[in-house]
2 protein chains.
Amino acid sequence: MTTRRERARAATIDEIKETALSLMREHGSTDIRFSDIARSMGMTAPALYRYFADRDELLTALIVDAFDDLGTTVAESRARASADDLSGSFLAVASAYRRWVNQEPQRFALIFGMPVPGYVAPDEGPTTEAARRAMAQLESLFAEAAARGMLGRPTIHEVDDALLGCIIAKQAASEPAEATVPAETFQACLHCWSALHGFVSLETYGHFGFLTPEARDALFVSTVRLAALSSGFPWSDPAPTLSMVTNT
Amino acid sequence: MTTRRERARAATIDEIKETALSLMREHGSTDIRFSDIARSMGMTAPALYRYFADRDELLTALIVDAFDDLGTTVAESRARASADDLSGSFLAVASAYRRWVNQEPQRFALIFGMPVPGYVAPDEGPTTEAARRAMAQLESLFAEAAARGMLGRPTIHEVDDALLGCIIAKQAASEPAEATVPAETFQACLHCWSALHGFVSLETYGHFGFLTPEARDALFVSTVRLAALSSGFPWSDPAPTLSMVTNT
DNA sequence: GCGAATAGTAATGACGCATAACACTTGTGA
DNA sequence: TCACAAGTGTTATGCGTCATTACTATTCGC
């Protein structure tokens, strides 16, 4: 049961966070000032302290939100793809990741880049969480392919013993309910993530500036395809049309 | 002919830059304050203005230095590898890139991450330059393999027309003296860079925290190997020993 | 109408960039 | 040897911004 007051308060909190994000986008950095936020909202800075104890608390909230948003965005995009179409689902997940980062470069920097100047993370949790959630959809996609017996051998050489130990430890630590994949596939999955993350990072920070948007799209599809193929993920050429990358 | 004064001045400039980098490493961000630098050097802040007109000029110098350092580090590491051993050279280049980033995460953020809060880049040059130099060694390695006729077909599907146009334009713009590679190989080369950059980014920002250092090394070698193989680059298994990754 | 939630005003304290005025050092030429 | 000038550094200062607190006024639900 939420009272009217509580709803108003929640709305204000949302507005503060939304305004902070707008200012980040405008200013092009992850740096924010209470005074700016307040001015932009037609308020005064001290009023914000009714909602956030200090600047760090607001930043923490923004980071947590970014995690959630990226995670749900990717998951939703995957859910929209036909469950039968594994290639399509794979591309949907990768595209959603890319699209989110392109649309929200500041939030991307917030969770995957260097920490903000004055900010110190509350604990080790959130950072690890970022990695976990980002990987989750990819991993579960592989698990589903494995469940259908459609997983091929990845083209990696062999799984190193040290790596194997970590993979086993990680899979043991994850929810027992989650289906697991062979260690070599998990490693290939990490390769996929690296490739995806690398492409997206370079693109977002403008290092693919010598490519036209269309060329970048083509390179992206090629990157995803190559990642899937080398991971033993069931991929069906011809590749889906570009509209799958830009739409949805 | 450098006078004694000029040498002293140059030394001071170096010390300022070095101190700024130390503070960055200490503080864990790319944010720096003149007052901190001066205090750390046993000087007062205004004295720094004898050497740098303002904070942005210092930042620009640091960025340019970072470009140079990364470029020469990678080039030197490649030069130390046997020129005959293409696999070794490839791994040397990738390892140097990785090592530099791991040792200098702040400088990496400086050139490949989001801009520093108050800083505005002097012009479009440096950013583009970062991409160019980082790619240069990889590209020339492929060119050399091509010159020896050892370049296989990359496992990419086909080169998209839009991408092809950009690649041709870029190769035409580069030094005519530089040997070029087929468009499909250039594209594969971009894939290599993405994979390398992605791995290094994730590792440096702690998102591979669930892996032990040894496991990360193994994953890195596997990443490089996979990138080379899928690019048609002549790679010889068994992979070089791990010492090649950590040493040099 | 009462009281809690909320917002504004004003004030405080700290900090950072940048500049100006002044003082010391050092190399060099008369 | 001495004086000058360039170079270097310090103290003092102005200016602006920002986070945060204390206090006061207002609004709004119950």
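Below, each value reflects all heavy atoms present in this structure, side chains not excepted, and no hydrogens, waters or symmetry copies. Below, chains carry the letters A, B, ... as their sequence lines are ordered, and counting in each starts from 1.
Per the geometry, CZ belonging to B:F52 stands 13 Å off P belonging to C:dA18, to the nearest Å.
Looking at every heavy atom in both residues, A:T30 comes nearest to A:L59 through O-CD2, 4.5 Å.
In this structure, the separation between OG on B:S194 and CG on A:L219 is 6.0 Å, given to the nearest 0.5 Å. Expressed to the nearest 0.5 Å, how far CZ of B:F208 lies from SG of A:C166 amounts to 11.5 Å.
Side-chain atoms of A:S29 and A:Q106 include no donor-acceptor pair closer than 3.5 Å. Between A:T73 and A:R99, the side chains place no donor N or O within less than 3.5 Å of an acceptor N or O (distance only, hydrogens not considered).
Nucleotides of DNA chain D lying under 4.0 Å from heavy atoms of chain B occupy a range whose first and last members, 5' to 3', are D:dA6 to D:dA12.
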Between the protein and nucleotides 14-16 of chain C, which nitrogen or oxygen pairs are less than 3.5 angstrom apart?
{"residue": "C:dG16", "atom": "OP1", "partner": "B:R33", "partner atom": "NE", "Å": "3.2"}

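Computed from C1' positions of five pairs at each end, the angle between the two local axes of the helix from C:dG1-D:dC30 to C:dA30-D:dT1 equals 0°, rounded to 10 degrees.
Under a 4.0 Å N-O distance rule, the pair A:D31/A:R55 qualifies as a salt bridge. At a threshold of 4.0 Å, the pair B:E57-B:K17 does not count as salt-bridged, since none of the basic side-chain nitrogens sits closer than that to a carboxylate oxygen.
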In a table with atom names and distances, give each donor-acceptor pair under 3.5 Å that connects a side chain of residues 42-53 of chain A to protein atoms at least two apart or in another chain.
none

For residues 195-204 of chain A, tabulate all N or O donor-acceptor pairs below 3.5 Å that involve a side-chain atom, not counting sequence neighbours.
{"residue": "A:H197", "atom": "ND1", "partner": "A:Y97", "partner atom": "OH", "Å": "3.0"}
{"residue": "A:S201", "atom": "OG", "partner": "A:H197", "partner atom": "O", "Å": "2.9"}
{"residue": "A:E203", "atom": "OE1", "partner": "A:R98", "partner atom": "NE", "Å": "3.0"}
{"residue": "A:E203", "atom": "OE1", "partner": "A:N102", "partner atom": "ND2", "Å": "3.4"}
{"residue": "A:E203", "atom": "OE2", "partner": "A:R98", "partner atom": "NH2", "Å": "2.7"}
{"residue": "A:E203", "atom": "OE2", "partner": "A:R216", "partner atom": "NE", "Å": "3.3"}
{"residue": "A:T204", "atom": "OG1", "partner": "A:N102", "partner atom": "OD1", "Å": "3.2"}
{"residue": "A:T204", "atom": "OG1", "partner": "A:V200", "partner atom": "O", "Å": "2.8"}

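Relative ring orientation between A:Y205 and A:F108 is described as tilted, the plane-to-plane angle lying within the 30° to 60° band.
Although no hydrogens or angles enter the test, the distance criterion places a donor-acceptor pair under 3.5 Å between the side chain of B:T212 and the main chain of B:A215. Checking side-chain atoms of B:T60 against main-chain N and O of B:D56 turns up a donor-acceptor pair under 3.5 Å.
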Legend entry - Under 4.0 Å protein heavy-atom contact, by nucleotide of nucleotides 1-12 of chain C - B base, S sugar-phosphate only: ---BSBBBBB--
